[in-house]
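Notes follow the structure.
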Amino acid sequence: MTALTLAIGLALSIGEIAIPLRTIAEAVANRMFGTSFAIKPIHEGIIWDYRLSRALVSAGSGAALAMTGAILQALLRNPLAEPYVLGISAGASTGAVAIMILGIGSGVLTLSTGAFFGAVAAFGLVSLLAAGAGGGADRIILAGVAGSQLFNALTSYIVTTSANAEQARGIMFWLLGSLSGVRWTDVLLVTPIAAGGFVICMLHARVLDAFAFGTDSAAALGVPVKRVRLTLLGLTAVMTAAVVSIVGSIGFVGLVIPHAARFLVGPAHERLLPTTALIGAIFMVLADIVSRTIIPQQVLPIGVVTALFGAPVFAVILYKARRPL
């Protein structure tokens, strides 16, 4: 937690306007403990109206995405599994684009709500496809690929036929992942979802250990395989949909972070899940700092940063996965 606190402190300090860590501590003390340190209004505004909410959403999103990756890798027994294998990101993109361009539910549904419904719809479709194909772990992955292609095609069709140039640029930025528009209302959404997801994951930690030996072995140990799989897959869908609805599509976090945590603490999920959540939160906060500072006076989509880091790691994992363990 010390590392996460330091990462959030750096996120509040680093930017086009640098703010000393002491000033940040004084601003927090003024707001939370009623002290009266003298702070410049511009510094206080940057901390409370922009950077702190952004850092907290980054941390919550990173923790949620990383945990869902760990769950999927355990349930599907596939080291390459991650949240987007279920097509949730593609569905969220379609839902957001339907509101942004077509105006579906305009005035009633927000962009985030549309993305959330699209993500849930994608998960429902993938679940039906997988169940119709036999319901095995490999079938879920194949159904996720098919669902992703379908919803990506729908998104491309809507953008190509209905969007103007300005809308297309905005959609492209959102699809690559963006924290630029997050506010405190987003913190109030992602924080309880990440915290609640963590609690549910920890309650199933030993069950996830049993899945490492296969579904038949887990069933022999008394695990209600179908119920647990449905519960945890539904949880991953809800957490990923919530994150995507707020910050857009951010890849590789759910793939890379669980492997890093597994390297540090081993495969036992009672240790793996907390470590995965913590590393995921730190990684996303640091990635956000890079996205804001790597190009002067320009914000890079955070999905680009995570992809630049995650793609080489993905290649290594793919190479190792081809060999028997």
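- V182 has its side chain out of reach of V190: every pair of non-hydrogen atoms, C-beta onward, lies at least 4.5 Å apart.
- Distance CG/L179 to CZ/R292: 9.5 Å, rounded to 0.5 Å.
- There is a path of hydrophobic side-chain contacts, each under 4.5 Å, that joins L278 to L10.
- Sorted by first and then second residue, the side chain to side chain donor-acceptor pair (under 3.5 Å) pairs involving residues 45-64 (not counting sequence neighbours) are Y50-R54, R54-D288.
- The shortest non-hydrogen separation linking G60 to A194 is O-CB, 3.8 Å.
- In this structure, the separation between OG1 on T94 and CD1 on I99 is 12.0 Å, given to the nearest 0.5 Å.
- In this structure, the side chain of Q73 engages the main chain of A81 through a donor-acceptor pair within 3.5 Å.
- Tracing side-chain contacts under 4.5 Å through hydrophobic residues (I, L, V, M, F, W, Y), one never reaches L203 starting from L75; they form parts of separate clusters.
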*Taking it one step at a time, do I17 and H43 satisfy side chain to side chain contact (heavy atoms under 4.5 Å, CB included)?*
CA-CA 8 Å; I17 298 178; H43 286 170; 4.2 Å; yes
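- Taking hydrophobic clusters as Ile, Leu, Val, Met, Phe, Trp and Tyr residues chained together by side-chain heavy-atom distances below 4.5 Å, V299 does not share a cluster with F309.
- With rounding to the nearest 0.5 Å, the separation of CG in L272 from CE in M67 is 11.5 Å.
- Within a 6.0 Å sphere centred on CD1 of I42, other residues, nucleotides and ligands contribute 12 heavy atoms or fewer.
- The local environment of CZ in F198 is crowded, with over 12 non-hydrogen atoms from other residues, nucleotides or ligands closer than 6.0 Å.
- Using a 4.5 Å heavy-atom cutoff, the side chains of I302 and M284 are in contact.
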*asked:* Under the criterion side chain to side chain contact (heavy atoms under 4.5 Å, CB included), I'd like the reasoning laid out for I39 against I47: C-alpha separation, chi angles, the key distance, then a yes or no.
replied: CA-CA 11 Å; I39 300 174; I47 292 171; 5.7 Å; no
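- Taken from CD1 in I246 to CG in D186, the straight-line distance is 5.0 Å, to the nearest 0.5 Å.
- Considering all non-hydrogen atoms of both residues, T68 and T236 come closest at CG2-CA, 3.7 Å.
- In terms of modelled atom types and a separation under 3.5 Å, the side chain of S13 and the main chain of G9 share no donor-acceptor contact.
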*Does the pair L208 and L273 meet the rule for a side chain to side chain contact (heavy atoms under 4.5 Å, CB included), with working shown?*
CA-CA 10 Å; L208 289 171; L273 290 171; 4.2 Å; yes
Would you tabulate the side-chain donor-acceptor contacts of residues 19-33 under 3.5 Å, counting partners in other chains and residues two or more places apart, or write 'none'?
from, atom 1, to, atom 2, distance (Å)
R22, NE, E26, OE2, 3.3
N30, OD1, T35, OG1, 2.7
N30, OD1, S36, N, 3.4
N30, OD1, F37, N, 2.9
N30, ND2, F37, O, 2.9

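- Atom-to-atom distance recorded for L4:CG and I279:CD1 is 11.5 Å, nearest 0.5 angstrom.
- Of all heavy-atom pairs spanning L102 and S162, the tightest one is CD2-OG, 3.7 Å.
- Residue L233 is not grouped with residue L128 when hydrophobic side chains (ILVMFWY) are merged at heavy-atom distances under 4.5 angstrom, including chains of intermediate members.
- Around atom CD1 of I294, no more than 12 heavy atoms belonging to other residues, nucleotides or ligands sit under 6.0 Å away.
- Looking only at side-chain heavy atoms (C-beta outward), F211 and V228 come within less than 4.5 Å of each other.
- Considering only heavy atoms from C-beta on, V207 stays 4.5 Å or farther from L232 through its side chain.
- When all heavy atoms are compared, the tightest approach of G303 to T306 is O-OG1, 3.0 Å.
- With rounding to the nearest 0.5 angstrom, the CD atom of E270 is 13.0 Å from the SG atom of C201.
- Summarising the geometry of L308 relative to P312, their closest heavy-atom pair is O-CD, 3.2 Å, with the distance given to 0.1 Å.
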Only pairs under 3.5 Å count here: list side-chain donor-acceptor contacts from residues 251-259, not counting sequence neighbours, and write none if there are none.
from, atom 1, to, atom 2, distance (Å)
H259, ND1, R262, NH1, 3.4
H259, NE2, P79, O, 2.7

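- No continuous path of hydrophobic side-chain contacts links L125 to V238 [ILVMFWY only; heavy atoms under 4.5 Å].
- Of all heavy-atom pairs spanning A241 and A119, the tightest one is CB-CB, 3.3 Å.
- Under the 4.5 Å side-chain criterion, counting only non-hydrogen atoms from C-beta, V187 is in contact with W184.
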